[in-house]
Amino acid sequence: MPSSRALLDRYCVTCHNEKLATAGLMLDKMDLDKVGENPAVWEKVVHKLRTRAMPPAGRPRPDVRHDRIQAGLRFGA
């Protein structure tokens with residue numbers, strides 16, 4: 001199973017990166033080993049995944065992998 005970083009890179013970083021900074025979010029620069037340093041950002045990411053607001057309709061979306069990303073962000077995996 002892919003890591004949380006690989007899943008974020010595939011489904012989120014295409015828009016939320018340093019170059020595009022969509023919605024002011026640059027996930028390519030965020031350290032998944034230090035989730036606790038930016039709790040507000042990661043809480044928002046988990047909320048968007050949980051409500052299936054992201055990735056937006058028409059973009060590739062993971063299925064059950066959302067759970068893997070959320071779990072990794074909550075527990076630093």
Side-chain angles (χ1 to χ4, degrees):
M1 178 172 266
S3 68
S4 294
R5 169 51 63 196
L7 292 168
L8 280 173
D9 287 348
R10 172 158 165 74
Y11 296 106
C12 307
V13 171
T14 53
C15 295
H16 300 288
N17 59 58
E18 186 175 32
K19 183 176 179 181
L20 296 177
T22 304
L25 189 57
M26 296 175 278
L27 295 176
D28 58 329
K29 298 297 178 186
M30 302 293 285
D31 186 346
L32 290 175
D33 292 326
K34 298 179 181 177
V35 172
E37 291 181 3
N38 297 289
V41 170
W42 294 115
E43 286 174 14
K44 186 175 180 179
V45 169
V46 169
H47 174 76
K48 294 286 187 175
L49 290 169
R50 206 176 266 161
T51 61
R52 309 245 338 132
M54 289 288 146
R59 300 287 304 167
R61 294 179 130 183
D63 40 66
V64 296
R65 293 180 183 152
H66 272 89
D67 294 333
R68 167 90 174 159
I69 295 171
Q70 293 175 49
L73 294 176
R74 283 197 307 265
F75 302 111

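Small disclaimer: the values here were computed from a predicted structure and weren't measured.
- When all heavy atoms of Leu49 and Met54 are compared, the closest pair comes out as CD2-O, 3.8 Å.
- Listed by first then second residue, pairs satisfying salt bridge (charged side-chain N to carboxylate O under 4.0 Å, His left out) with a partner in residues 13-29 read Glu18-Lys29, not counting sequence neighbours.
- Taking Asn17 as the reference, nothing meets the side chain to side chain donor-acceptor pair (under 3.5 Å) condition, with sequence neighbours excluded.
- Residues forming a side chain to side chain contact (heavy atoms under 4.5 Å, CB included) with Ala40 (at least two apart in sequence, or on another chain): none.
- Closest approach of Pro60 to Arg10, counting heavy atoms only: CB-NH2, 4.5 Å.
- Among all heavy-atom pairs drawn from His16 and Ala23, the shortest one is CE1-CB, 4.3 Å.
- Considering every non-hydrogen atom in both Leu27 and Cys12, the closest pair reads CD1-CB, 3.6 Å.
- Every residue two or more places apart in sequence or in another chain that forms a side chain to side chain donor-acceptor pair (under 3.5 Å) with Thr14 is listed here: Arg59.
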Arg5 and Val13: CA distance, side-chain angles, deciding distance, side chain to side chain contact (heavy atoms under 4.5 Å, CB included) verdict: CA-CA 10 Å; Arg5 169 51 63 196; Val13 171; 4.1 Å; yes
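- Rounding to the nearest 0.5 Å gives a distance of 7.0 Å between CG of Leu25 and CE of Met30.
- Looking at every heavy atom in both residues, Met26 comes nearest to Ala21 through CG-CB, 4.0 Å.
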